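Below is one structure, written out as structure tokens, with a few remarks after it.
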Amino acid sequence: KQEVTQIPAALSVPEGENLVLNCSFTDSAIYNLQWFRQDPGKGLTSLLLIQSSQREQTSGRLNASLDKSSGRSTLYIAASQPGDSATYLCAEDPVRASGSRLTFGEGTQLTVNP
Amino acid sequence: NAGVMQNPRHLVRRRGQEARLRCSPMKGHSHVYWYRQLPEEGLKFMVYLQKENIIDESGMPKERFSAEFPKEGPSILRIQQVVRGDSAAYFCASSPTGTGGMGPQHFGDGTRLSIL
């Protein structure tokens, strides 16, 4: 059974801190892994996508890494800001005969305090 | 370039009625996916469609739920005889043509379905 686990479930930090969100997955073969942000009552905003052949991706203050051998991905947020407060979701896209379908973790709810 | 458009944003139905949720993918995208987010739970895959074809419906409940993506027009997720347990946020995503469906998925803002 495919499983994606995110730790911690919730995180509260003061503004300016660097932080790491963790994601672990059980599938050994994946097309890619995506990190999303979800604000309350809103849809998902794609932050970073790491292809299976890649080790990391960077966008601004965000850096995501992928280690397929250990089944782990991390999202690093540098110099956190109150506007970063949201739920962060990771999702794997496992290799399947019937094509793509994302399996999501339960998310990490991040609060950045001013 | 408009993103994935879902409507309505909010839908209220009474038990036993039908709910129709619409999704227009991004321009240039021919792969559409539906996901459901139940209260206090994560997103769960429901169905993957291409134009006029259901590719994978392994996440769809066996009864009352159906999905289509016609040659012309939006994708439709249809729920017949709704029950309270159908109350959830339903999200649609699309990915680019030519990627075999494995490109990045772009999500709409969702439809919040409430059953009275």
Side-chain angles (χ1 to χ4, degrees), chain A residues 1-10 21 23-27 29-54 57 59 64 66 86-109, chain B residues 2-7 9-10 21 23 25-26 29-50 53-60 67 88-114:
Chain A
K1 181 184 174 184
Q2 303 160 2
E3 280 195 8
V4 178
T5 306
Q6 292 189 245
I7 295 173
L21 308 181
C23 173
S24 60
F25 51 95
T26 56
D27 278 281
I30 61 172
Y31 291 121
N32 58 63
L33 187 136
Q34 278 187 264
W35 282 92
F36 295 89
R37 168 187 173 137
Q38 185 176 28
D39 293 281
K42 301 287 187 180
L44 278 69
T45 300
S46 180
L47 298 173
L48 290 165
L49 179 146
I50 313 175
Q51 297 289 358
S52 176
S53 57
Q54 297 174 323
Q57 283 286 330
S59 176
L66 175 65
T87 297
Y88 290 80
L89 301 167
C90 72
E92 63 159 5
D93 192 355
V95 174
R96 298 175 74 247
S98 56
S100 188
R101 56 179 284 180
L102 296 180
T103 302
F104 283 85
E106 299 270 334
T108 293
Q109 188 172 350
Chain B
V4 177
M5 304 300 291
Q6 289 189 250
N7 67 80
R9 291 292 306 279
H10 301 273
L21 287 62
C23 169
M26 287 180 69
H29 288 197
S30 61
H31 305 273
V32 167
Y33 316 82
W34 286 92
Y35 295 84
R36 178 167 66 173
Q37 188 173 36
L38 292 166
E40 307 303 323
E41 292 190 19
L43 279 88
K44 301 283 192 242
F45 168 82
M46 298 182 76
V47 62
Y48 163 35
L49 310 103
Q50 294 180 27
N53 284 303
I54 296 175
I55 308 302
D56 180 356
E57 58 181 346
S58 58
M60 290 272 273
Y90 292 82
F91 291 96
C92 171
S94 70
S95 64
T97 304
T99 61
M102 278 77 80
Q105 293 189 17
H106 300 265
F107 281 75
D109 284 341
T111 293
R112 270 94 186 147
L113 176 63
S114 298

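Naming: A, B, ... by sequence-line order, numbering from 1 per chain. Since we're looking at a predicted model, the values are computed, not measured.
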Closest heavy-atom contact between A:Gln38 and B:Gln37?
NE2-OE1, 3.1 Å
Taking all atoms of both residues into account, what is the closest heavy-atom pair of A:Gly41 and B:Arg9, and its distance?
O-NH2, 4.0 Å
B:Phe45 CZ to A:Asp93 CG distance, which is reported to the nearest 0.5 Å:
10.0 Å
Taking ring-ring contact (aromatic ring centres under 6.0 Å, His included) as the test, write out the residues that go with A:Phe36, two or more places apart.
A:Phe104, B:Phe107
Considering residues at least two apart in sequence or located in another chain, which fulfil the side-chain hydrogen bond (donor to acceptor under 3.5 Å, both in side chains) criterion with B:Glu41?
none
Check: B:Tyr35 and A:Leu102 side chains under 4.5 Å, non-hydrogen atoms:
yes
If every non-hydrogen atom of B:Arg112 is compared with every non-hydrogen atom of A:Gly43, which pair is closest and at what distance?
NH2-N, 4.5 Å
Rounded at 0.5 Å granularity, tell me how far NE2 in B:His106 sits from CG in A:Leu44.
12.5 Å
Can you establish whether the number of heavy atoms outside B:Met5 located under 6.0 Å from its atom CE is more than 12?
no
